[in-house]
Visitor: 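Sharing a structure, written as structure tokens. Questions coming.
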Amino acid sequence: MELSLILAAVAAVAFALIQGMDVRRIQITDPRITEIGGYIHAGAMAYLGRQYRVLVVFVAVLAAIITFTPGLGLSTALAFVLGALFSVVAGFCGMKAATAANMRTAQAAGQGQAQAFRAAFSGGSVMGLMVVGLGALGIGIVYLLNPGNLGILTGFSLGASSIALFCRVGGGIYTKAADVGADLVGKVEAGIPEDDPRNPAVIADNVGDNVGDVAGMGSDLFESYVGCIVSALLLAVAWGGTTALPYVLGLVAAGILSSMLGILVVSLVKTKDAQLTLNLGTYLSSILLVADAFLLGGLLPEGDGTRAFAAVVSGIAAGLLIGKLTETYTSDQYKAVKEIAGACTTGAATNILTGLSYGMLSTAWPILVLAGATLASYAFCGTFGIALAAVGMLATVGMVISVDAYGPVADNAGGIAEMSGQPDSVREITDHLDSVGNTTAAIGKGFSIGSAALTALALFASYALAVELTVIDILNPRVMAGLLIGGMLSFLFSALTISSVSRAANKMIDEVRRQFREFPGIMAGTQKPDYAKCVDISTQAAIREMILPGVIAIASPIAVGLLLGKEALAGLLAGATVTGVLMAVMMANAGGAWDNAKKYIEGGSGGGKGSEAHKAAVIGDTVGDPLKDTAGPSINILIKLMSMVALVFAPLFL
């Protein structure tokens, strides 16, 4: 079955290359589109290059530590390096495809919405296909080379997790520093539209969409995908011995093929309803996976197949439900966003209060869904069932990422269309595709949080198995201390990332104001802004500020495990998971709701663009930006990475 997994993974990588070539066939005839798209591409690649140079040092140091840690050794270190390398390659390929697709989407919009939609989705699908292809390929290779030693797979997963944290934190700081600076000075102070070429921060803002929402998001779900598969393989042996392993591997292969079919359908269907088409691909992939999970039950002993199938379905259902619940709190088709937009008419303060309250309220139903999925999957197959639910939720992540990555491509296309002076008809198409992308991005964040929770629970169960813990006694003062420390880490981590955005945004604001003040020809349209300076500010801030959160995430579980023991470390993981999931949901949904409330007003409600309500909405959106795109998504990785660190270094705590 491992060969089937490798073949499916290779097919996904090949399909990604085909999708990328399909995008590049679109000829760009407008030199202004080429020029602006070139700025964005160069900025994104320069950022990645500088980030990767830092990550090479980090990977080398941690690989050396793993090599000389008792119970781990060179094989685990090599698997760690491979996991880091595959995560980097997936992010790099997805970024290149996205930056190529954004200008071609702007060009294709001149021919109609169907052509523009296909260009944007094909560009986004490269990220999704590379994530599942390289993730599954790496697991398959390590599995084949180390038969009977599944523990080495944890090294591969740790490599993926480590890269994910730095990419998510760095990308989030980059994109929000630029976005906040561009919005507050451009929209609020100067009164110019979004993506106006006179705004010096506008290129950095568009670069940020790629490094944060494409490369960062892809690395996040690459980590979840790999982590849930590895934990499922480890727990499968404890549940049913080696007979359960083919079921897990077959389920992953089936998920890859289901995602490929869903992507193919979306790419070929011609419709004016982009949201409907994306939903069609998502639901089709899930239905195909359900059928495959049922058929694969024949690989297990009689009765076990039915229970495993039920556990998988609980994860799939939870993923779809969380996505829908997220939409109800972040789409302007529902009550929450409309009430937040209404609150903008009385000022920024009421906008902030209403958005925060809805963000907190939005945690209730998703948490109940996760609790239900956890209880149901455990009832079917024990802790292995929780891992199967996570695999079920993430098996079709190739389709999910493709839908999510489509959003920033469409957003960039709109910016390029605005900056290159395209006709209103082109901008109307890109604006519509972007509005759909905002909803899909919010749903994607909800999905990533839900999958992070289930993956963290599965990794937690794997850690308990590795250190021979059968019960965690919260009356034990060491366990209680661990719970409190773990609960605190989510707040500390959020504070660090948000303050990083604030510091970088201050520099960005000062720079944009300086250019407007010293070069009046910029506003008159007779002088070009210094885009490169703003790109450099975001790049330097992101690289510098991502280090401390990353070190804390890796060092905390090791320190607590060594100083307070394995029970205290279990408490830390439990505390971090509870507070982390709640904070991530709250921040992601509040930020998404503020963003769409602003766009709802820009559509004409409450006075439209330039009104006092619009200014209040921009401030709310600016507050929500680092919540939904920096701190919230980074917490997903924090709780998974700490669980993975605990699992990999478990020999130290025995």
Side-chain angles (χ1 to χ4, degrees), residues 2 5-6 8-10 12-14 16-17 20 44-45 47-67 69 72-98 126-146 149 151-171 211 214-230 252 256 397-398 401 543 546 550 553-554 637 640-641 644-645 648:
E2 58 268 24
L5 176 63
I6 290 175
V10 171
V13 172
L17 297 176
M45 291 300 122
Y47 168 76
L48 279 190
R50 291 174 68 169
Q51 184 182 57
Y52 291 160
R53 285 196 290 272
V54 174
L55 292 180
V56 164
V57 176
F58 165 78
V59 169
V61 171
L62 192 52
I65 293 172
I66 294 171
T67 300
T69 298
L72 299 180
L74 182 60
S75 296
T76 304
L78 290 175
F80 165 77
V81 172
L82 186 66
L85 176 64
F86 275 24
S87 180
V88 164
V89 171
F92 180 81
C93 293
M95 175 85 85
K96 271 190 85 70
V126 174
M127 183 82 253
L129 291 164
M130 292 300 290
V131 163
V132 296
L134 291 177
L137 182 62
I139 289 174
I141 290 171
V142 176
Y143 186 93
L144 272 179
L145 294 178
N146 300 276
N149 189 2
I152 291 179
L153 285 171
T154 60
F156 182 84
S157 187
L158 179 61
S161 297
S162 303
I163 297 299
L165 182 69
F166 288 110
C167 287
R168 199 46 144 157
V169 172
V211 301
V214 178
M217 175 272 302
S219 65
D220 180 358
L221 288 171
F222 183 92
E223 177 212 21
S224 288
Y225 183 68
V226 169
C228 77
I229 296 170
V230 170
V252 175
I256 293 173
V397 76
I401 295 175
I543 300 299
M546 73 180 185
I554 293 171
I637 303 173
K640 293 176 291 182
L641 177 58
M644 184 53 67
V645 169
V648 171

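For the numbers below, each heavy atom of this structure counts, side chains included, while hydrogens, waters and symmetry mates do not.
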Visitor: Could you measure the distance from the CG atom of Leu55 to the CG atom of Leu62? Nearest 0.5 Å is fine.
Guide: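 Going from CG on Leu55 over to CG on Leu62, the span is 11.5 Å.
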
Visitor: Just say parallel, tilted or perpendicular for the rings of Phe86 and Phe156, cut-offs at 30° and 60°.
Guide: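 Aromatic pair Phe86/Phe156 classed perpendicular.
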
Visitor: Name all residues meeting the side chain to side chain donor-acceptor pair (under 3.5 Å) criterion together with Ser87; count only those two or more places apart in sequence or in a different chain, and write none if there are none.
Guide: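 None.
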
Visitor: Taking all non-hydrogen atoms of both residues, which atom of Gly398 and which atom of Val132 are closest, and how far apart?
Guide: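 Shortest heavy-atom contact: N-CG1, 3.4 Å.
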
Visitor: How long is the gap from CG on Leu85 to CD1 on Ile163, to the nearest 0.5 Å?
Guide: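 Atom-to-atom, Leu85:CG and Ile163:CD1 are 9.0 Å apart.
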
Visitor: Among all residues two or more places apart in sequence or in another chain, which pass the side-chain contact (heavy atoms from CB on, under 4.5 Å) test with Leu78?
Guide: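 With sequence neighbours excluded, Leu78 shows a side-chain contact (heavy atoms from CB on, under 4.5 Å) to Leu74, given in chain and number order.
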
Visitor: State, to 0.1 Å, how close Ile637 and Ser161 come at their nearest heavy-atom pair, and which atoms those are.
Guide: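 Smallest interatomic distance, heavy atoms only, reads CG2-O, 3.9 Å.
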
Visitor: Hey, does Thr69 have a side-chain heavy atom less than 4.5 Å from the side chain of Val648?
Guide: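 With C-beta onward as the side chain, the pair stays apart.
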
Visitor: Only counting residues at least two apart or in another chain, list the ones meeting side-chain contact (heavy atoms from CB on, under 4.5 Å) with Val56.
Guide: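 Not a single residue meets the side-chain contact (heavy atoms from CB on, under 4.5 Å) criterion with Val56.
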
Visitor: What is the minimum heavy-atom distance between Val226 and Gly135, and which atoms define it?
Guide: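 Taking Val226 first and Gly135 second, the nearest heavy atoms are CG2-CA, 4.0 Å.
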
Visitor: Can you name the side chain to side chain donor-acceptor pair (under 3.5 Å) partners of Ser157, sequence neighbours left out?
Guide: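 With neighbours one apart ignored, the set is empty.
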
Visitor: Testing the 3.5 Å rule here: is there a donor-acceptor pair between the side chains of Lys640 and Ser224?
Guide: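 Result is yes, a qualifying pair exists.
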
Visitor: Just wondering, do Val54 and Met546 contact through their side chains at under 4.5 Å, heavy atoms?
Guide: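 They are in contact (side-chain heavy atoms under 4.5 Å apart), so the answer is yes.
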
Visitor: Partners of Phe166 by ring pair (Phe, Tyr, Trp, His ring centres under 6.0 Å), sequence neighbours excluded?
Guide: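 Ring pair (Phe, Tyr, Trp, His ring centres under 6.0 Å) check on Phe166 returns Phe58.
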
Visitor: Taking side chain as C-beta onward, heavy atoms only, is Leu72 less than 4.5 Å from Ile65?
Guide: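 No; the side chains remain at least 4.5 Å from each other.
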
Visitor: Once rounded to the nearest 0.5 Å, what's the spacing between atom CE of Met127 and atom CZ of Phe222?
Guide: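 Those atoms lie 8.5 Å apart.
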
Visitor: Just how far is it from atom CG of Leu153 to atom CD1 of Ile141, taken to the nearest 0.5 Å?
Guide: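 Between Leu153 CG and Ile141 CD1, I get 11.5 Å after rounding to 0.5 Å.
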
Visitor: Let me confirm one number: the CD1-OG1 distance from Ile66 to Thr154, rounded to the nearest 0.5 Å.
Guide: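 OG1 of Thr154 is found 8.5 Å from CD1 of Ile66.
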
Visitor: Does some side-chain heavy atom of Leu641 sit less than 4.5 Å from a side-chain heavy atom of Ser162?
Guide: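 SC-SC contact between Ser162 and Leu641 confirmed.
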
Visitor: Which residues satisfy the side-chain contact (heavy atoms from CB on, under 4.5 Å) test with Ala98, sequence neighbours excluded?
Guide: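 Only Asn210, Val214, Val409 meet the side-chain contact (heavy atoms from CB on, under 4.5 Å) criterion with Ala98.
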
Visitor: What are the two closest non-hydrogen atoms of Ala12 and Gly133, and how far apart are they?
Guide: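 Distance-wise, the nearest heavy atoms are CB-CA, 3.9 Å.
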
Visitor: When rounded to the nearest 0.5 angstrom, what is the spacing between CE in Met130 and CG in Leu137?
Guide: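 CG of Leu137 is found 9.5 Å from CE of Met130.
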
Visitor: side-chain contact (heavy atoms from CB on, under 4.5 Å) with Leu144: which residues, sequence neighbours excluded?
Guide: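 Residues passing side-chain contact (heavy atoms from CB on, under 4.5 Å) with Leu144: Glu2, Leu3, Ile6.
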
Visitor: Which pair of non-hydrogen atoms, one from Ile152 and one from Ser75, has the smallest distance, and what is that distance?
Guide: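 Distance-wise, the nearest heavy atoms are CD1-CB, 3.5 Å.
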
Visitor: Are the side chains of Met644 and Glu223 in touch, meaning some heavy atoms are under 4.5 Å apart?
Guide: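 No. Closest side-chain heavy atoms not under 4.5 Å.
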
Visitor: Do you know the tightest heavy-atom contact between Ala63 and Val81?
Guide: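 That would be CB-CG2, 3.9 Å.
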
Visitor: Under the ring pair (Phe, Tyr, Trp, His ring centres under 6.0 Å) test, which residues partner Tyr47, sequence neighbours left out?
Guide: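 Once residues adjacent in sequence are excluded, the partners of Tyr47 under the ring pair (Phe, Tyr, Trp, His ring centres under 6.0 Å) criterion are Tyr174.
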
